[in-house]
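Worksheet for the structure shown next.
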Amino acid sequence: MSESWRCVVDKLPEVVARVLGIDKSIVVDLINTGRLKIAPTPDPKMGDFGIAVHPLLKNTERSKWSEIGSLLATELYSSTRDECWVEKVEFVNGYLNITINYHGILRKLVEDYFTGKIFRELERVGNGEKVVVEHTSANPVHPLHIGSGRNSVVGDTFARLLSKLGFNVETRFYVNDMGRQVATLVYGAKIVESSGISIPSSIKPDHWYGAIYALTNILIEKNKLEKKLRDKINQIIEKTSSLCNPCLEGRLEGIPRELCFEFCSISWRKNYRFNIKKIRDIYREIKKTSKTTQNPLITELKNLIEEYKAELSEYIDFAKAEARLAIQYPELHSALKASIRDYREAEEEINKLMQLAESGDSETISLFRRVIEPVLNGFKETLSSIGIYFNGFDFESNPEVVKTAHEIVEELLKKGYAKTIEGGAIEVNLDYAAEVNEKVLKLFYPDRAGRFIVRRSDGTTLYVTRDIAYTLYKFRELGARRVYNVIAIEQTREQKQLKAVLYLLGYEQEADNLHHFAYEMVHLKGMRMSGRRGVYYTIDEMLVDAKTNILKKLFEKQSSVKLEDSVEIAEKLAVSNVRAILVSVDPSKVLVFNPEKIGEVEYGTIIQYAFVRAQGVVRNLWGLEFLDNPGQVVEKALGLTSRIVGTELTIEEKKLVEDIFKYPSILRQAYSEMSPNKILEYALNLALDFNKFYEKYPVVSEKDENKKYTRAAITVMTLILLSELMDILGFPKLRKM
RNA sequence: GGGCCCGUAGCCUAGCCAGGAUAGGGCGCCGGCCUGCGGAGCCGGAGGACCCGGGUUCAAAUCCCGGCGGGCCCGCCA
């Protein structure tokens with residue numbers, strides 16, 4: 001269809017110039033500047049696409065529009081009918097509506113698709129260029145949840161798309177094995193190990209270690225908060241006590257007597273058991289008083305109590321999380337609780353572990369690796385269940401990369417972009433860099449570029465520093481010509497800093513070819529996820545929920561599918577639906593997901609169903625199984641080319657032909673705009689349009705041979721495209737359902 | 001305080017960058033349709049201040065300005 005557009009647009013200037021007696025170049029200019037626009041019509045009855053010619057008629061009286069318009073239509077028709085597959089041109093209130101001869105297009109499509117020309121052309125986009133896609137890269141301290149799942153699916157889908165476009169794609173998982181979070185996990189795991197507890201064979205390792213991490217973190221944080229709360233209470237007691245006498249003696253302006261009594265009550269009973277409830281009562285009174293009084297002592301006390309309340313609610317969150325985990329994992333809870341008594345000791349231990357790991361202490365590094373390994377195995381298991389595999393895992397603690405990180409710091413110092421600041425840390429001044437380097441300026445504009453630390457005062461590197469080194473590794477060691485980092489949008493600043501440093505160090509090409517593929521967060525309805533508290537909705541659970549839902553439906557409708565097949569089918573549909581949900585929304589938008597409604601979002605099922613139906617047609621037509629031998633089906637279909645003649649296409653058929661025509665441009669668009677959601681949307685539309693076509697027009701039993709083979713060709717093209725799209729979307733392919 | 005992103009029916013979403021006709025889908029809701037290439041479907045219906053207010057234009061969901069609401073970022077964290 002777009003070829004027809006282009007063709008018509010090419011002819012347009014000459015026709016318009018002739019009819020309106022204006023200069024051809026004016027029209028060309030209007031088209032090039034987008035003032036003359038071409039777009040699909042809102043209703044196929046009006047034609048297939050229309051050109052809005054209002055700007056040309058601007059100076060013409062409205063009453064003469066139809067006269068001139070009709071003339072334009074006739075002239076345009078006669079000069080495009082043969083070359084541009086145009087069947088009809090009509091003028092309707094300011095639009096030239098063009099109806100296409102779909103048969104011409106269909107014949108071309110059939111040839112291009114069945115000879116594979118379309119797919120070969122698409123592979124020339126990448127032309128074998130090496131591209132590294134880093135995705136998932138979740139901290140190995142808890143199982144993959146729906147947020148990391150979005151990363152995985154978006155990244156994997158994009159990588160698959162790049163492969164289809166002929167890029168030589170390598171996917172990498174960056175394992176963070178030396179940060180504070182991992183150190184916390186290792187600290188907890190050591191306690192568990194020394195208590196003689198080993199992982200039960202029935203529990204998936206990432207979930208087990210996720211519980212250890214959460215409990216360790218919770219116990220430390222709780223302990224810390226307990227101490228803070230106690231301090232705060234003491235401060236409140238002190239404050240109120242000091243107010244007691246002055247208040248009673250009427251030396252505090254604007255404070256009611258009742259409040260004074262409350263103050264004193266606290267003061268007088270401070271040597272007995274303290275009643276926490278009292279604080280609430282006082283707070284209520286103080287809030288009332290603070291509305292009428294400006295007394296700074298009251299404001300001070302109010303702030304103090306508000307801080308206390310905030311800390312208390314945080315404490316309660318942790319306590320709840322602890323209680324839940326204590327019930328689920330009693331042995332872990334009691335072991336950890338017995339050992340984590342003072343948060344200062346624990347944090348000291350954790351810091352020690354971090355420093356040892358960063359300094360390259362081989363024993364510590366291997367301890368870290370040993371703890372992380374089972375978690376990574378859990379990740380791999382989850383990911384493989386949704387069809388995601390990596391070409392490699394890169395460890396942050398890799399000595400080579402750490403060494404490069406230090407070299408980068410030296411280089412930055414030498415070039416004058418970084419300097420040692422007070423306290424001994426090394427800081428990069430990007431504000432200065434932005435003044436001398438336009439690329440850096442543009443990267444952050446209109447925001448200030450700012451400064452950031454690349455080496456701590458104790459000599460260790462930071463995440464960004466190591467990330468810079470890792471990026472160079474991707475280009476130099478992995479041989480990437482281009483790199484996509486699928487990383488949460490919240491890390492945009494860090495990704496810019498990384499890019500800026502590449503520019504500053506003279507890696508201009510690498511910086512230009514480094515892309516941050518940013519995606520927004522996933523919010524769960526009715527749940528605030530937090531890895532630190534062990535609250536998350538995991539991919540594993542999501543898959544089970546989806547599967548259960550599908551099975552329930554399957555049994556309700558009493559399908560002809562055999563019982564032993566139904567579980568497998570439900571599993572594959574679950575994978576499709578889960579992947580579809582996670583890729584369905586534009587990456588720049590927050591994805592809100594309600595686990596309760598998992599059975600209601602079934603994009604995957606819809607696509608699978610169309611795929612199964614199309615296979616059914618081929619099966620009945622030629623007795624061929626597409627999944628066993630797609631080549632044979634295509635060959636058979638190619639034989640139809642000569643038999644596609646003459647018949648008028650129905651609206652549903654036209655719609656499908658249009659869809660099929662769009663395929664290459666959709667892939668290119670999804671690639672250049674980094675929006676894999678467009679692939680899903682397109683696949684969904686194709687499936688829906690196919691369902692409508694399928695419902696209305698028989699293929700196998702059609703008596704009119706022209707119609708029959710035309711429809712067969714459309715069906716096979718749809719089948720091939722659905723198959724290609726499912727490759728990209730990472731759906732398993734069903735034969736029956 | 002500064003910077004970025006998002007705001008489209010009860011819910012979710014496309015369209016916005018490159019302004020055009022009746023704002024496209026899906027879920028949910030209501031009403032129809034099974035001797036069929038498998039009904040996990042199809043047909044029809046109800047349901048919209050395209051967040052608000054200005055501006056530019058023959059024409060604004062789309063561009064510009066100003067608000068409002070939500071999210072994210074501005075660490076010797078990762």
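Naming convention: chains lettered A, B, ... in sequence-line order (proteins, then strands); numbering from 1 in each chain.
- On the P atoms, B:rG26 is 15 Å away from B:rA46, given to the nearest whole Å.
- The salt bridge (charged side-chain N to carboxylate O under 4.0 Å, His left out) pairs that include a residue from residues 611-622 of chain A are A:R613-A:E695, A:R619-A:E625, where partners are two or more places apart or lie in different chains.
- Every residue meeting the side chain to side chain contact (heavy atoms under 4.5 Å, CB included) condition with A:I421, not counting sequence neighbours, appears here in chain and number order: A:A425, A:E427, A:I453.
- Between A:K224 and A:E347, at least one side-chain nitrogen of the basic residue sits less than 4.0 Å from a carboxylate oxygen of the acidic one, meeting the salt-bridge criterion.
- For residues 588-609 of chain A, the salt bridge (charged side-chain N to carboxylate O under 4.0 Å, His left out) pairs, not counting sequence neighbours, are A:K553-A:E602.
- With sequence neighbours excluded, the residues satisfying side chain to side chain contact (heavy atoms under 4.5 Å, CB included) with A:E396 are A:Y174, A:N176, A:D177, A:M178, A:Y463, A:R466.
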Is there any protein nitrogen or oxygen under 3.5 Å from a nitrogen or oxygen in nucleotides 34-37 of chain B, and what are the pairs?
unit_1: B:rC37; atom_1: O3'; unit_2: A:N620; atom_2: ND2; d: 3.1
unit_1: B:rC37; atom_1: O2'; unit_2: A:G616; atom_2: O; d: 3.2
unit_1: B:rC37; atom_1: O2'; unit_2: A:N620; atom_2: ND2; d: 2.2
unit_1: B:rC37; atom_1: O2; unit_2: A:V699; atom_2: N; d: 3.2
unit_1: B:rC37; atom_1: O2; unit_2: A:V700; atom_2: N; d: 3.1
unit_1: B:rC37; atom_1: N3; unit_2: A:V699; atom_2: N; d: 3.2
unit_1: B:rC37; atom_1: N4; unit_2: A:Y694; atom_2: O; d: 2.3
unit_1: B:rC37; atom_1: N4; unit_2: A:Y697; atom_2: O; d: 2.6

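- A salt bridge does not link A:D565 with A:K736: every distance from a Lys NZ or Arg NE/NH1/NH2 to an Asp or Glu carboxylate oxygen is 4.0 Å or more.
- Comparing the same atom, P, in B:rG15 and in B:rG53 gives a spacing of 25 Å after rounding to whole Å.
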Could you list, one pair per line, each protein nitrogen or oxygen that sits under 3.5 Å from a nitrogen or oxygen of nucleotides 63-66 of chain B, together with the distance?
none

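- Within the structure, the salt bridge (charged side-chain N to carboxylate O under 4.0 Å, His left out) test picks out the following pairs touching residues 566-585 of chain A (sequence neighbours left out): A:D156-A:R579, A:K547-A:E571, A:E568-A:K572.
- B:rC27 and B:rG71: their C1' atoms are spaced 25 Å apart (whole Å).
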What string of B, S and - do you get for nucleotides 1-6 of chain B, 5' to 3', if B is base contact, S is sugar-phosphate-only contact and - is no contact with any protein heavy atom under 4.0 Å? --SSSS
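- Pair assignment for B:rC4 gives B:rG71, based on Watson-Crick or G-U wobble hydrogen-bonding distances that are each under 3.5 Å.
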Tabulate protein N/O versus nucleotide N/O from nucleotides 25-28 of chain B, keeping only pairs under 3.5 Å, one per line.
unit_1: B:rC27; atom_1: O2'; unit_2: A:E600; atom_2: OE1; d: 2.9

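- Every residue meeting the side chain to side chain contact (heavy atoms under 4.5 Å, CB included) condition with A:A418, not counting sequence neighbours, appears here in chain and number order: A:L412, A:L413, A:I426, A:V428.
- Between A:Y663 and A:Y682, the ring planes are tilted. Angles from 30° to 60° get that label.
- Every residue meeting the side chain to side chain contact (heavy atoms under 4.5 Å, CB included) condition with A:E702, not counting sequence neighbours, appears here in chain and number order: A:P698, A:D704, A:K707, A:K708, A:R711.
- Applying the ring-ring contact (aromatic ring centres under 6.0 Å, His included) criterion to A:Y432, with sequence neighbours excluded, gives no partner residue.
- If you look at A:Y536 and A:H142, their ring centroids are closer than 6.0 Å.
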